[in-house]
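Below: one structure, written as structure tokens.
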Amino acid sequence: MVPNTRLQEKKKILFLCTHNSARSQMAEGLLRAIYGDRYEAYSAGVSATAVNPYAVQVMKEIGIDISSQYSKTPKEFRDIIFDMAVTVCDRARVSCPICSTNLEIQTEYPKAREVIHKSFEDPAAALGSEEEKLKVFRQVRDEIKDWISQVFGK
């Protein structure tokens, strides 16, 4: 019997946050780095800002370069049907007008076959010295990494 040599199409995953500056950016970078052979990772925010330099720094510490990523809004992906959309903060879950699971309706926002929610602390809200802020970013990065391994590593 001849093995099926057809490559299975990668699943498209969209991570959503309020500003697309830290949590969703780290999640995008982590999924791409760890499971990029199985998933296409994307991220967006309710309102685009800029990638947080602390997020870039703590990701670089574990060998993942997200410095070329940029902040995007969901409208940038309006023509894509994602396999899954993940809101990574409570505010995005409430305010995100995107990712209808009704794949038939016309909308200016992307659609997803499944939408899930997993809230992570906002590291950009951390107060204190630079080292204290970095500690929070590292903690959130590690929580996202562990969660991604549990959900996507199956």
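With His117 as the fixed residue, the side-chain contact (heavy atoms from CB on, under 4.5 Å) test singles out one of Val88, Thr87, Val86: Thr87. For the ring pair (Phe, Tyr, Trp, His ring centres under 6.0 Å) with Phe82, the lone residue among Tyr42, Tyr39, Phe15 that qualifies is Tyr42.
Qualifying side chain to side chain donor-acceptor pair (under 3.5 Å) partners for Gln57, counting only residues two or more places apart in sequence or in other chains: none. Scored by the side chain to side chain contact (heavy atoms under 4.5 Å, CB included) test, Ser68 finds no partners at all (sequence neighbours excluded). Not counting sequence neighbours, the partners of Asp83 by the side chain to side chain donor-acceptor pair (under 3.5 Å) test are Arg113. Take Glu130 and apply the side chain to side chain donor-acceptor pair (under 3.5 Å) test, not counting sequence neighbours, and it matches no residue. Partners of Ile64 by side chain to side chain contact (heavy atoms under 4.5 Å, CB included), not counting sequence neighbours, listed by chain and number: Leu30, Ala33, Met59, Ile62, Ile66. Remark: Glu132 pairs with Ser129 by the side chain to side chain donor-acceptor pair (under 3.5 Å) rule, at least two apart or across chains. Residues satisfying the salt bridge (charged side-chain N to carboxylate O under 4.0 Å, His left out) criterion with Lys12, sequence neighbours excluded, are Glu9.
In this structure, the side chain of Arg23 does not engage the main chain of Cys89 through any donor-acceptor pair within 3.5 Å. Panel note: side chain Arg78, backbone Lys75; a donor-acceptor pair is recorded below 3.5 Å. Looking at Glu143, its side chain never comes within 3.5 Å of a backbone N or O of Phe120 through a donor-acceptor pair.
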For a side chain to side chain contact (heavy atoms under 4.5 Å, CB included) check, start with the C-alpha distance between Lys118 and Gln150, then their side-chain angles and the critical distance, and finish with the verdict. CA-CA 12 Å; Lys118 174 61 177 161; Gln150 291 169 11; over 6 Å; no

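Under the 4.5 Å side-chain heavy-atom criterion for Ile, Leu, Val, Met, Phe, Trp and Tyr, Leu31 and Tyr70 are members of distinct hydrophobic clusters.
In terms of heavy-atom proximity, Ser67 sits nearest to Val56 at CB-CG1, 4.0 Å. Across every non-hydrogen atom of Phe77 and Thr73, the tightest pair is CD1-O, 4.2 Å. Smallest separation of non-hydrogen atoms from Ala22 and Phe137: CB-CE2, 3.8 Å. Taking each heavy atom of Val140 and Glu121 in turn, the nearest pair found is CG2-O, 3.6 Å.
Separation of atoms CZ (Phe152) and CD1 (Ile34) is listed at 10.5 Å; rounding is to 0.5 Å. Atom-to-atom distance recorded for Ile80:CD1 and Leu14:CG is 8.5 Å, nearest 0.5 angstrom. Atom CD1 of Ile81 is separated from atom NZ of Lys111 by 5.5 Å, given to the nearest 0.5 angstrom.
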Show which side-chain atoms of residues 43-54 pair as donor or acceptor with protein atoms under 3.5 Å away, not counting sequence neighbours.
unit_1: Ser43; atom_1: OG; unit_2: Asn20; atom_2: ND2; d: 2.9
unit_1: Ser43; atom_1: OG; unit_2: Glu28; atom_2: OE1; d: 2.5
unit_1: Ser47; atom_1: OG; unit_2: His19; atom_2: ND1; d: 3.4
unit_1: Thr49; atom_1: OG1; unit_2: His19; atom_2: O; d: 3.0
unit_1: Asn52; atom_1: OD1; unit_2: Tyr54; atom_2: N; d: 2.8

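The list of salt bridge (charged side-chain N to carboxylate O under 4.0 Å, His left out) pairs with a residue in residues 41-70, not counting sequence neighbours, reads Glu61-Arg138, Glu61-Arg141.
Put simply, the side chain of Leu134 reaches to within 4.5 Å of the side chain of Glu131, judged on heavy atoms.
Within 6.0 Å of atom NZ in Lys135, 12 or fewer heavy atoms from other residues, nucleotides or ligands are found, so the atom counts as exposed in its surroundings.
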